[in-house]
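Proteins come first, then strands; the chains are lettered A, B, ... in the order of their sequence lines, and each starts at number 1.
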Protein chains: 2
Amino acid sequence: MAVKHRVSRRSRSRSVGISDVAAAAGVSTASVSRFMHDPMRVSPKLRDRVEAAIKELNYIPHRAGRALASRQSLIVGAIVPTLENAIFSRQVMTFQQNLRDAGYTLLLATSEYDPELEFRQARVMLEHGVDALMLVGQKRGSEFYEMLERASIPFITTWIYSKNSIHPCCGFSHETAMKRVVDYVVELGHRNIGVVTGFANVNDRVAARLKGIRKALKEHGLELMRDKIAYSEYTFDAGGEALARLLEKGERPTAIVCGNDILAAGVLTEARKRNIKVPEELSVMGFGDLDIAAQLDPPLSTVRTPKAEIGEAAATYLLNSLEGRKTESRIEVDIKFCWRDSFGRASKK
Amino acid sequence: MAVKHRVSRRSRSRSVGISDVAAAAGVSTASVSRFMHDPMRVSPKLRDRVEAAIKELNYIPHRAGRALASRQSLIVGAIVPTLENAIFSRQVMTFQQNLRDAGYTLLLATSEYDPELEFRQARVMLEHGVDALMLVGQKRGSEFYEMLERASIPFITTWIYSKNSIHPCCGFSHETAMKRVVDYVVELGHRNIGVVTGFANVNDRVAARLKGIRKALKEHGLELMRDKIAYSEYTFDAGGEALARLLEKGERPTAIVCGNDILAAGVLTEARKRNIKVPEELSVMGFGDLDIAAQLDPPLSTVRTPKAEIGEAAATYLLNSLEGRKTESRIEVDIKFCWRDSFGRASKK
DNA sequence: GTGAAAGCGCTAACAC
DNA sequence: GTGTTAGCGCTTTCAC
């Protein structure tokens, strides 16, 4: 069976092509091509014959040929860090649906948060002749953007927004988001705030969030001490361990701000394990608003990010660019703060 | 900006191709091609010149050309129902990683559980000349399989397993899985068992699970009454509503068996809302073992399915087929029953 | 080991 | 409206 495929690919009796259809219908290949793209451009008589021939022969056009001749692959690429994080899988799904409705197909790769790998994947996509490309984040070497420039295809960076962004982008300001969160956290009386976050060196969104946190604290005359930050992988267990590390050092924080909901869930569990009451003794804040956030015990306060909207807006931007339509290239989406039971006022000691 | 792309695509000063490289290196295109595929097949002197030319010109080979000439796209397709369900996004991610390591790229589409759409997506993939295809489930019209047959590419159906499967497959028997679950549930003393499940008419795995449930009950002299089944969308809220519907009818079940963990989570929440104690008054069983299962309150009993393993095994099978290696085409993966606090003995009334 | 040249399946300019 | 034809960028015989 396995062998069959290999053999058959090579020696396959040249599968039916446009010329076979043309011959069967007694027309030229050009007419078949015209029929394929816009049936109304050929006469009814011819139309029927071509249609019949296509059905008869089970003709499936070969897009590689088409791509070569028309310089359009009708493929759009997307590279996301991972599909294990629901925010990206949701984004990709919506992206794909919108592309499909416009006749494009999705070439998908994951970078696993590895810049090196992301670059290689992008290169492969360009080799495949993608008509456009969606990326996550903006932090990458200049060779990357130069490569895109040379390919001169539209691309967009997502989960990033700044009015003055150098590149087209679609997202929100992580800095502003966290600034606002922490402003409110301080307002609730918290002074000793711990942070559980992903690794900032690999991910520009994490760095921006930290910046926002620091900014807010500074404005309130506070400072984010190094021993109040626990860097962690984006897993449930790592979140719990991160809290454990935080608790080992100095005075216990009254609030923990987390880089995402998975980490926050881990923190919640670890807190329960240690008999620390949430939110009475410890307030916990997530980020992302995964479906699970509201189901946790206690329900998790978090920041709702519009995952689907980002996927859709990215698709819309790229499609507009491809079709030559005028379109906004710095797209801000709304986030929402969801205050649930996991977060409360600072306990007065 | 938008316009720029369109214009530039059409009028782009023919980007650098293999002949440019050949010219720059003072060799034939054949030699460049040889160098690309196996540097050792050209002399060291020539090798250096070609390598330099490629760097110099930033040459990026165009795979459409290659695909046309070599009859290999180096693209593999995957169609899954959705990426919103973590089992599929996990599977896809692993699938993609394994493909990438072998030099293939992933073309991805979702069917949204719509057979019609799945068929169209599959067709598009064949148009793109995918070298192989991964699908979910086996229930589809014969035109579908005939189309694949004509394309004569290897494909595999996943989340399905049967020794005697007509098509290559990789998964487990949903029927056996649920039979074993229910056998045990009955052993725990449950006689009045409710089922919250997805829609069986669109999904062969759901149907198989129901079959397994019925079979187990029958062996124990029980029967699955129609009013003990609640069909539901695969969402959290729908799971809760499904439980509500079940409770409206007749005597309250002592156990609820769910089609997946999301539904089960909804059931759990609805039960709490109604002050029904889990597991004392109502036992709840999920399916799939998502990360959240163990975090729910109480921790959810469920069936662990090897999502990554399925993605990997599917990739391995397809790659083996493509490379002409002998390979098992009916692959069974192990599932594991996770008994956690949400499930207990039937209460004695 | 290397080059020349004939396509792969399709589109698009041009001529009718 | 329709057909002819010259490529698109690459691989792959086949000679040398």
Quiz item: Toward the 5' end of DNA chain C, which comes first, A:V32 or B:G26, by nearest nucleotide?
Solution: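 On the 5' side of the pair lies B:G26.
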
Exercise. For B:L46 and for B:G65, find the nucleotide of DNA chain C with the closest heavy atom, then tell me which residue's nucleotide is more 5'.
Key: B:L46

Is [X] touching bases, backbone alone, or none of the nucleic acid, heavy atoms closer than 4.0 Å?
{"X": "B:Y59", "value": "sugar-phosphate"}
{"X": "B:R34", "value": "base"}
{"X": "A:V27", "value": "sugar-phosphate"}
{"X": "B:S43", "value": "sugar-phosphate"}

Proximity to the side chain of [X] - top-ranked nucleotide from [options]:
{"X": "A:R66", "options": "C:dT11, D:dT11, D:dG3", "value": "C:dT11"}
{"X": "A:H37", "options": "D:dC8, C:dA4, C:dT11", "value": "C:dT11"}
{"X": "B:A30", "options": "D:dT4, D:dT12, C:dT11", "value": "D:dT12"}

Quiz item: Are there more than 12 heavy atoms of other residues, nucleotides or ligands under 6.0 Å from atom CD of A:E143?
Solution: yes

What integer distance in Å separates [X]:[atom1] from [N]:[atom2]?
{"X": "B:F35", "N": "C:dG3", "atom1": "CZ", "atom2": "P", "result": "14 Å"}
{"X": "A:D38", "N": "C:dT11", "atom1": "CG", "atom2": "P", "result": "13 Å"}
{"X": "B:I18", "N": "C:dA4", "atom1": "CD1", "atom2": "C1'", "result": "14 Å"}

Exercise. Measure across A:S28 and A:A22 and return the closest heavy-atom pair with its distance rounded to 0.1 Å.
Key: C-CB, 3.7 Å

Quiz item: Mapping A:T29 and A:M40 to their closest nucleotides on DNA chain D, which lands nearer the 5' end?
Solution: A:M40

Self-check item: A:S73 side chain vs A:G129 backbone, donor-acceptor pair below 3.5 Å
Solution: yes

Quiz item: Does a side-chain N or O from A:S33 land closer than 4.0 Å to OP1 or OP2 of C:dT11, or not?
Solution: yes

Exercise. Could you tell me which residues satisfy salt bridge (Lys or Arg N to Asp or Glu O under 4.0 Å) with A:E309, sequence neighbours excluded, listed by chain and number?
Key: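 A:E309 satisfies salt bridge (Lys or Arg N to Asp or Glu O under 4.0 Å) with no other residue.
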
